[in-house]
Amino acid sequence: MILETPRLHLREMTRDDLDFVATMMAHPEVSFYYERQFSRADSEAWLERQLARYAGDGHGLWLAVDRATLEPVGQVGLVMQEVEGVRHPEIGWLLHRPFWGQGYATEAAAATRDASFSRWKYDHVISLIRPINLPSQRVAIRIGMTPGRRVQFHGFDSIVFERQAAVETPAT
Ligand SMILES: CC(C)(COP(=O)(O)OP(=O)(O)OC[C@H]1O[C@@H](n2cnc3c(N)ncnc32)[C@H](O)[C@@H]1OP(=O)(O)O)[C@@H](O)C(=O)NCCC(=O)NCCS
């Protein structure tokens, strides 16, 4: 268990989560902005990348699970991404289609943002979002990120949304 929010918990995935991940990633609306179909083998590789991230970075995309039903709803987490030669902590979110429109991504992303600063001590977080991905941009704005420069990322023009950690002013 990594994080808890009012309606969700976030935990590390295991290989037993492949069925959910593969079903979700194969959904055409979920994979729409990645512009490719995800086969089961692609999802397996995706899952393995997260396991490697947990081991190497201490975090990655986690599984977001509905606390009431124990049903997985998507993946949200913190991944290191190299942008123009510099590694940045990125908050990522994707929900399975039946769970859109309920505020789950925002709820999980806000908790991840807070943990990025308090637990992992990063001084900023980013999210890389394609200009056409308006639902994802709305999540970034709702968690207090600001759109900035455009970069090429995995072959796509992407907007760098960013938020700095609050600077604590020492009491005088
Ligand atoms: C990006 C993505 C996670 C956004 O999902 P989402 O359901 O729109 O986002 P949230 O979970 O934060 O839900 C917010 C929506 O739920 C509504 N909502 C309903 N109940 C809510 C509640 N209790 N709290 C907050 N919002 C609620 C909001 O009004 C909002 O809808 P709106 O944007 O039309 O105003 C989803 O579209 C997705 O998985 N896309 C495919 C993968 C992807 O593109 N990932 C991002 C790559 S950069």
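As the structure lists them, so they are numbered: ligands from 1, and atoms in each ligand from 1. Only this structure's heavy atoms are used, side chains among them; waters, hydrogens and symmetry mates stay out.
- Both tests pass for Arg36 against the ring of Phe38: distance under 6.0 Å to the centre and angle within 45° of the axis.
- Applying the side-chain hydrogen bond (donor to acceptor under 3.5 Å, both in side chains) test to every pair with at least one member in residues 157-167, sequence neighbours left out, gives these pairs: Arg150-Asp157, Glu162-Gln164.
- Each of Arg7, Val30, Tyr33, Tyr34, Trp93, Leu94, Leu95, Trp100, Gly101, Gln102, Gly103, Tyr104, Ala105, Thr106, Leu128, Asn133, Pro135, Ser136, Arg138, Val139, Arg142 has a non-hydrogen atom positioned under 4.0 Å from some atom of ligand 1.
- By the salt bridge (Lys or Arg N to Asp or Glu O under 4.0 Å) test, Glu82 is found to be paired with no residue, residues two or more places apart in sequence or in another chain being considered.
- At least one test fails for Arg130 against the ring of Tyr33: distance under 6.0 Å to the centre or angle within 45° of the axis.
- Residues satisfying the ring pair (Phe, Tyr, Trp, His ring centres under 6.0 Å) criterion with His59, sequence neighbours excluded, are Trp120, Tyr122.
- In terms of modelled atom types and a separation under 3.5 Å, the side chain of Gln137 and the main chain of Pro131 share a donor-acceptor contact.
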